[in-house]
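Here is the structure we will look at, set down as structure tokens.
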Amino acid sequence: MNQIEPGVQYNYVYEDDEYMIQEEEWDRDLLLDPAWEKQQRKTFTAWCNSHLRKAGTQIENIEEDFRNGLKLMLLLEVISGERLPKPDRGKMRFHKIANVNKALDYIASKGVKLVSIGAEEIVDGNVKMTLGMIWTIILRFAIQDISVEETSAKEGLLLWCQRKTAPYRNVNIQNFHTSWKDGLGLCALIHRHRPDLIDYSKLNKDDPIGNINLAMEIAEKHLDIPKMLDAEDIVNTPKPDERAIMTYVSCFYHAFAGAEQLLEWIRRTIPWLENRTPEKTMQAMQKKLEDFRDYRRKHKPPKVQEKCQLEINFNTLQTKLRISNRPAFMPSEGKMVSDIAGAWQRLEQAEKGYEEWLLNEIRRLERVEHLAEKFRQKASTHETWAYGKEQILLQKDYESSTLTEVRALLRKHEAFESDLAAHQDRVEQIAAIAQELNELDYHDAVNVNDRCQKICDQWDRLGTLTQKRREALERTEKLLETIDQLHLEFAKRAAPFNNWMEGAMEDLQDMFIVHSIEEIQSLITAHEQFKATLPEADGERQSILAIQNEVEKVIQSYSIRISSSNPYSTVTVDEIRSKWDKVKQLVPIRDQSLQEELARQHANERLRRQFAAQANAIGPWIQNKMEEIARSSIQITGALEDQMNQLKQYEHNIINYKNNIDKLEGDHQLIQEALVFDNKHTNYTMEHIRVGWELLLTTIARTINEVETQILTRDAKGITQEQMNEFRASFNHFDRRKNGLMDHEDFRACLISMGYDLGEAEFARIMTLVDPNGQGTVTFQSFIDFMTRETADTDTAEQVIASFRILASDKPYILAEELRRELPPDQAQYCIKRMPAYSGPGSVPGALDYTAFSSALYGESDL
């Protein structure tokens, strides 16, 4: 059996809709007749194996062996002669589905509409879907290309069968089922083409099974057509399966219609070779050349072999018929060997010169394409460069630019002019290429000319706009230079004037602090001098404003759309006006504040003099009183009672002087409220007066207390006035600081002068008596107590007891509160610390035994 020839692709269009109509009506839900299913299984399996055996394989079960998609893809490669995508080699379900989908996609790529057939159903072994798919493949690759007298596919095959069997008796082919049940149709097809294989006259119409088996055996043995059906199935089935019969009969067509197929191929190919219509593009012409080379390499060689084989078969047939004394085989009209030779000669003539024409046309198109591409590149480059240039040249950005920006625009424009001149050559080249393309009759010359004209027109516009922009830039530069000079003059004069105004405002608003009339008078003088400079400053202000007015006049006159702001100065006209108005407002305010301060300073001066007059009288008075008290405290003549009376008189005078201190405090408060902090009229401050007054009060009170204590001590210990005076004289002599206290060294010197031989231990014992609190000093009272103990007789203890009884209001004990109230603090503390608790009759909490204390004090030396 000859290999099925795929449709030639030389721009020949097949009408493939008709052979697919039946498949579009496929109904997956209809049940397949069991007899038909059996016939289809056997026929389709044999048909598939007739192709698969060329690849060294076959199938046994049509619904099982195609499930993984591998043999299905192989079958399509064998019958189409094309390579399919590489199959998936996995064994999983999705691998099988992928392979079947690749096969179905390939079938669909050939224009076949796969209705209701899915990869999952083939993988699942659906018999109906598998048979439907194989039938679709048979239709596309075995029946579609059959063409007889303007009919194709099924109708073409039926017509071919009718034409071939028409001369035979008892044969009437009307369909692909019942017309073939007696077997005579198959035998007639074999005899028509190979009368040497069968004696048609000996056939019996009443032996359909014999006729069918005979035809199938001869076809399998001599024509390489495998047995695809069982004679019994055909005969015993009321209506044999149409698809099975059509598949089997198509094999006879492909076996016998070699001459017809070859002539049909020649008929389709000659117009393609005679077509000398040039293509418009290089790619299209190269495709023609590739098609021609495919024709020479792939499609023509099999046809040459087919032609030779036909001639060999024809000669062999004629020889066998002649040897067997049978009539020669006469092909139908138009299908003689001479017809084939003539058609082949016309094919060779059409082919002659086709390749040379293709190469010449390709060379011409190559030149044209090169020029067209060169034109496109240069045009695109120029258009890219020129894009937006007109808009840039039409811009009036210089109208709102500064002088620096306009100068930059001018430099930029000069660079553009240089660039424009450099592009002149490219524009000329574009025009020359366009001219040559027109001479070479370029297919798209209209668009080339249009594009070239647009480029040339734009080039002319760019030249005109460039010149206009240069003139506008130069004119604007001159105007802005004038404005720039005015701005610079404004800045030079406005800056110092603005600084002067800011300084003036600062001075006029300065919060001055003065403390004297002289200082405020100095400020008033300086302010008057400042006011004298205002007329000159106003003249400078008007000159500066006139400069700015000139700038605005130029801008308005020439309609320059730029800001009148000055690039050299941050000072604006409004700022100058505002600050000048502020200066004029501040001048009278400053006048008023200075006059108010002058009046305040006069008032402060009166307060200073009033305070000073009183302080200068009170200060010396306090000093005198302090000196008088000091003299009385160290005076060693006269009785203590007389001294006490004198001190009481001093105290009375001091208390009566308190009104003067209060009046001075009132004046001082007024001075403080007026924020007066200095007074050149006196050296005394209120703090000095307060400290002196408090010291005076303290001194008179302490001095009176000391005299009272001395009187009490004198009376309690029986000391005479002469002894008291002697004690005072010794204490005053060794009181080096004259502060009423002796330190330890002064006290040691005093004891030595009185004849005491002191060791360290003895001196330490004495110090515990005179300085029990360890303060480092000895008071006059402690000194008197020590001296009276040292000089008194043993019977003086009764005198001390009598004195304590007086203080205790005749109670046998004394309380600490009574001691603190009646005795000086250090003496009271001394007694409280050493006096034992009283435990006799009538004792109360805190009661002290003054009797035991006095006896111990004057009876034992270790206390």
Side-chain angles (χ1 to χ4, degrees), residues 622-623 625-637 640 643-644 647 691-692 694-714 716-717 719 721-792 800 819-820 822-835 853 857-858 861-863:
I622 292 175
Q623 185 63 31
K625 292 302 177 183
M626 288 290 293
E627 293 174 355
E628 290 177 2
I629 293 172
R631 284 195 298 271
S632 68
S633 64
I634 62 175
Q635 188 176 3
I636 59 175
T637 58
L640 291 176
Q643 188 176 359
M644 173 63 73
L647 291 174
V691 172
E694 291 173 358
L695 182 60
L696 177 62
L697 293 176
T698 302
T699 301
I700 189 62
R702 185 181 68 250
T703 303
I704 291 173
N705 181 261
E706 288 178 353
V707 172
E708 289 176 344
T709 302
Q710 291 175 20
I711 292 173
L712 178 62
T713 303
R714 183 197 63 186
K717 298 186 177 183
I719 301 174
Q721 185 63 43
E722 290 74 12
Q723 288 176 318
M724 186 63 72
N725 292 340
E726 183 180 351
F727 293 155
R728 167 60 70 181
S730 299
F731 186 87
N732 290 340
H733 177 75
F734 288 97
D735 180 10
R736 290 179 300 170
R737 296 179 179 80
K738 305 304 179 182
N739 59 354
L741 297 172
M742 286 191 296
D743 59 19
H744 288 189
E745 294 303 321
D746 294 340
F747 184 61
R748 182 192 293 271
C750 181
L751 293 180
I752 292 173
S753 68
M754 290 188 296
Y756 283 87
D757 185 11
L758 298 175
E760 289 298 329
E762 179 61 17
F763 183 72
R765 182 189 69 80
I766 294 174
M767 287 305 300
T768 59
L769 297 177
V770 298
D771 185 18
N773 297 324
Q775 295 178 348
T777 59
V778 178
T779 64
F780 181 66
Q781 185 61 43
S782 298
F783 177 73
I784 292 175
D785 291 341
F786 172 75
M787 293 305 298
T788 54
R789 280 198 302 273
E790 292 297 320
T791 58
V800 173
L819 290 173
R820 293 190 184 98
E822 300 297 337
L823 298 178
D826 53 344
Q827 292 183 9
Q829 187 64 30
Y830 177 83
C831 294
I832 293 170
K833 184 177 181 180
R834 288 167 172 74
M835 198 172 289
F853 170 76
L857 181 64
Y858 287 96
S861 60
D862 57 348
L863 288 177

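Side-chain atoms of Thr768 come within 3.5 Å of backbone N or O of Arg765 as a donor-acceptor pair.
Atom-to-atom distance recorded for Leu696:CG and Ile700:CD1 is 7.0 Å, nearest 0.5 angstrom. Interatomic distance, Asn773 CG to Lys833 NZ, rounded to the nearest 0.5 Å: 6.5 Å. Atom CG of Leu769 sits about 6.5 Å away from atom CZ of Arg834, to the nearest 0.5 Å. To the nearest 0.5 Å, atom CD1 of residue Ile622 and atom OG1 of residue Thr699 are 11.0 Å apart. Here the straight-line distance linking atom CE of Met742 with atom OG1 of Thr779 works out to 9.0 Å at 0.5 Å rounding. One finds the CG atom of Asn705 at 8.0 Å from the CE atom of Met644 (value rounded to the nearest 0.5 Å).
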* Could you walk me through whether Phe747 and Ile766 pass the side-chain contact (heavy atoms from CB on, under 4.5 Å) check? -> CA-CA 10 Å; Phe747 184 61; Ile766 294 174; 3.6 Å; yes

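Scanning all heavy atoms of the two residues, the minimum distance from Ala828 to Leu819 falls at CB-O, 3.5 Å.
Every residue two or more places apart in sequence or in another chain was checked for a salt bridge (Lys or Arg N to Asp or Glu O under 4.0 Å) with Arg820, and none qualifies.
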